[in-house]
Protein chains: 2
Amino acid sequence: MKIIHSPAETAPAPMAESPGTKSHRAYTQIRADILSCTHLPGTKLNIAGLAADMDVSLGAVREALSMLQSEALVVSEPQRGYTVSPVSPKELADITEARIAIEALCLRTSIERGDLAWESRLVAAWHRLSRLSQTEAGRDQHLSDVWSRAHADFHAELVGACGNDWLLRMRAMLYEQSERYRRMSVSVPQQNATRDVPAEHKAIFDAVMERDIDRAVAALENHLRKTATIVRSSVAL
Amino acid sequence: MKIIHSPAETAPAPMAESPGTKSHRAYTQIRADILSCTHLPGTKLNIAGLAADMDVSLGAVREALSMLQSEALVVSEPQRGYTVSPVSPKELADITEARIAIEALCLRTSIERGDLAWESRLVAAWHRLSRLSQTEAGRDQHLSDVWSRAHADFHAELVGACGNDWLLRMRAMLYEQSERYRRMSVSVPQQNATRDVPAEHKAIFDAVMERDIDRAVAALENHLRKTATIVRSSVAL
DNA sequence: TAAGACAAAAATATAGAAAAAAGCGGACCC
DNA sequence: GGGTCCGCTTTTTTCTATATTTTTGTCTTA
C-alpha cells in the first residue's frame, strides 16, 4: 500500500495551460522571455544558467531550445550552443514581404470559403480588439499584454477560414517574428500619433465583412507595411 | 581499468559532412529513413529502439526528433512520444497549393534580381539534370538518388537569386514535404509514360533563361501540379 | 460485461562524466 | 618594448546511464 507518493508536490498551482512536461514549461517561459525581449536578440543563452533559473535540468532546457529553434526564435551552432535569433533591417524586410504575400493569400481563400460561423468569430474578435483600443493600451503592462492577445486573435481570425494548414502555419510563424520586432519598438508615441491603427483595422474588417477581397487585401497590405515602416525607423537596428 | 573506450570506435570513416555531434548524426540518419519511407508515415517511433539501432543514447535521439519536428517530418504528442508525420490527400493538396504560391513568388524575384553568376549556376544545374534524365534513372537505386539530388539542386537554383531568406526557407520545407510524397509513388511507369518530365523542366529552364517571368511561372506551376496529380493517383492514401 | 487493479513498456527527468571550445598567462621572437 | 604563439585552466556543451513518472495492455473480480 503506497500512500501519497505525492502527485501534487511539484506544481500545486494550475499554472495556466502547460501540457505537464517540464520541457514544455521551460519552452513556454524562455519563449515569453524572448518575445518580451528579456533575452535580447543576439544574446548567447547559457544552458546551465537557464536550468538553474527555472529549476529544471539541462536536458529539459536543451529540449526547450530545440523547440524554439523550430520557430526560428533561437539559432544553434553545433558545439557552440544557442543564441537568440539576431535581428536586422534585411530580416525585417524579408519577413514583411513574405508576410504580406502569405497573409494576402490566406485572406483571399478565407474570404472565399468563410461561412457564417467564421463571420461570427471574426465579429467577436473585432469587438474585443476595438473596445480595448479605445482604452489607450500601451501604458500599463497588463493592458498591453491583453491588447496584444486580442490583436493576435483578430489577425488570426481574419484568415481563420483559409483551410490550408501549411499556409496558416507559415503565417503564424511570420506573425510571431513580426511581433518580436514590434515589441522592440513600443512606446514611440510621436510616430503613432500620425497613425490611426484602429482605423486601419476597421478598414480591413469592413472590407472583409463586405466580402470585397481586393479591398481587404489592399487594406491588410497597407496595415502591415505601415507597421513595418514604423518599426524600422524607431528601432536602432 | 577501463581500456580503450576509444574516441574513434564509433566512426573512423569521415561519414560525409556530419557536424560531429552525435545528435546530428542521429538526426541525419532518421531523416533519411523517413524520406526514404523506411519509417512509414504514421508509424510510432520508439526512442529506445532507435537509440539501440544507431548506438547512441536516449537524449541524442530525443534531440534528433526535436530537430525533425521543426521540419514537420515527425509530430509529437506530449507524454506519448513521436510519430512519423502522417500523410493524407488533404495534406498533399495543401502542400501543393502552398508550394505553387511560394515557389512562384520566389521565382519571380529570382528572375528579376538574378545576375550572371546565378545564370551560370543555373545552367550548370540544368546541364547535370538533363544529362542524368537521359540515362533513365529510376531503375537502379544509386542512380535514382543521384537524380533526386540533381533535381533538388535544379529547383533550388531556379529560386537561388530570390534573396528573401524567409521565403526560401519555407520553399525548402515545402519541397522536402513534396519529396516525401513523391518517393512514396515511385515506379509507376504507366503514368509517367504519358508524361515528359524532362520536357517540363526544359520549358521552365528556357523561359527563365529568356527572363520571361510569366511563362516561367506558368511552366513551374504546370510542373508542380502535374507531379501532385500523379502522386495523388498512384499512392493509396 | 464492465470496472478496477496490477504489470509491463515507454516517455520524461536528472545528475554527473566526457569532449569540445573559450579564456588566460607566460614565454619566446622580432 | 611590443606582439604573437603555445600550453594550461576554466567554462560550456554534449553525452550517457539511471531514476521517476505516465501511459497502456491485461487479467482478475464483482
Side-chain angles (χ1 to χ4, degrees), chain A residues 1-12 14-15 17-30 39 42-70 74-85, chain B residues 1-12 14-15 17-30 39 42-70 74-85:
Chain A
M1 179 216 276
K2 22 180 167 178
I3 333 161
I4 344 158
H5 75 318
S6 70
E9 69 177 348
T10 47
M15 192 71 177
E17 12 64 58
S18 58
T21 78
K22 293 201 178 183
S23 304
H24 202 279
R25 274 213 302 271
Y27 159 79
T28 305
Q29 175 157 355
I30 298 174
H39 298 304
T43 310
K44 191 157 58 98
L45 291 168
N46 185 323
I47 298 180
L50 290 170
D53 283 353
M54 54 186 71
D55 201 47
V56 294
S57 99
L58 291 316
V61 173
R62 175 164 276 275
E63 187 152 340
L65 291 172
S66 266
M67 292 168 162
L68 288 166
Q69 193 175 14
S70 66
V74 307
V75 293
S76 85
E77 274 186 296
Q79 230 86 23
R80 206 156 304 179
Y82 292 83
T83 61
V84 180
S85 296
Chain B
M1 181 213 276
K2 21 179 168 174
I3 333 163
I4 345 159
H5 77 318
S6 72
E9 68 177 350
T10 46
M15 191 73 177
E17 14 64 57
S18 59
T21 79
K22 293 200 178 181
S23 304
H24 202 278
R25 273 213 301 271
Y27 159 78
T28 305
Q29 175 157 354
I30 299 174
H39 299 303
T43 311
K44 191 155 61 91
L45 291 168
N46 184 323
I47 297 181
L50 290 170
D53 283 353
M54 54 186 71
D55 199 48
V56 294
S57 100
L58 293 315
V61 173
R62 174 165 276 276
E63 187 151 339
L65 291 172
S66 266
M67 291 170 168
L68 288 166
Q69 193 174 14
S70 67
V74 307
V75 292
S76 85
E77 275 185 296
Q79 230 87 16
R80 206 157 304 178
Y82 293 83
T83 62
V84 181
S85 296

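Bear in mind that the values here come from a model prediction, so they are computed numbers and not experimental data. Just so it is clear: chains get the letters A, B, ... in the order the sequence lines come, proteins before strands, and each one is counted from 1.
A straight line from NE2 of B:H24 to P of D:dT14 spans 12 Å, rounded to a whole angstrom. The distance from atom CZ of A:R62 to atom P of C:dT12 is 17 Å, rounded to the nearest whole Å. Atom pair B:Y82:OH and C:dA11:P shows a separation of 10 Å (rounding to whole Å applied). Atom-to-atom, CE of B:M54 to C1' of D:dC15 comes out at 15 Å; the value is rounded to the nearest Å. The distance from atom CZ of B:R25 to atom C1' of C:dA19 is 13 Å, rounded to the nearest whole Å.
Nearest-nucleotide assignment on DNA chain C puts the 5′-proximal partner with B:N46, out of B:N46 and A:S23.
Using a 4.5 Å cut-off on side-chain heavy atoms (C-beta onward), A:T83 and A:V74 make no contact. A heavy-atom distance below 4.5 Å is not found between the side chains of A:V75 and A:Y82.
For residues 74-81 of chain B, proximity to DNA chain D is found at B:Q79, B:R80, defined as any non-hydrogen atom under 4.0 angstrom from a strand atom.
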Side chains of residues 50-63 of chain A: which donor-acceptor partners sit under 3.5 Å, not counting sequence neighbours?
{"residue": "A:S57", "atom": "OG", "partner": "A:G59", "partner atom": "N", "Å": "3.3"}
{"residue": "A:R62", "atom": "NH1", "partner": "B:E63", "partner atom": "OE1", "Å": "2.8"}
{"residue": "A:R62", "atom": "NH1", "partner": "B:E63", "partner atom": "OE2", "Å": "2.8"}
{"residue": "A:E63", "atom": "OE1", "partner": "B:R62", "partner atom": "NH1", "Å": "2.8"}
{"residue": "A:E63", "atom": "OE2", "partner": "B:R62", "partner atom": "NH1", "Å": "2.8"}

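Rounded to the nearest 0.5 Å, atoms CG (B:L68) and CD1 (B:I30) are 6.0 Å apart.
Applying the side-chain hydrogen bond (donor to acceptor under 3.5 Å, both in side chains) test to B:S76 and every residue at least two apart in sequence or in another chain returns B:Q69. With sequence neighbours excluded, the residues satisfying side-chain contact (heavy atoms from CB on, under 4.5 Å) with B:S70 are A:S70.
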Give every pair of a protein N or O atom and an N or O atom of nucleotides 16-19 of chain D that lie under 3.5 Å apart, one pair per line with the distance.
{"residue": "D:dT16", "atom": "OP1", "partner": "B:K22", "partner atom": "NZ", "Å": "2.9"}
{"residue": "D:dT16", "atom": "OP2", "partner": "B:S57", "partner atom": "N", "Å": "3.0"}

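As judged by a 4.0 angstrom heavy-atom cut-off over every strand, A:L45 is placed among residues touching the sugar-phosphate backbone only.
In this structure, B:T43 contributes its side chain and B:H39 its backbone to no donor-acceptor pair below 3.5 Å.
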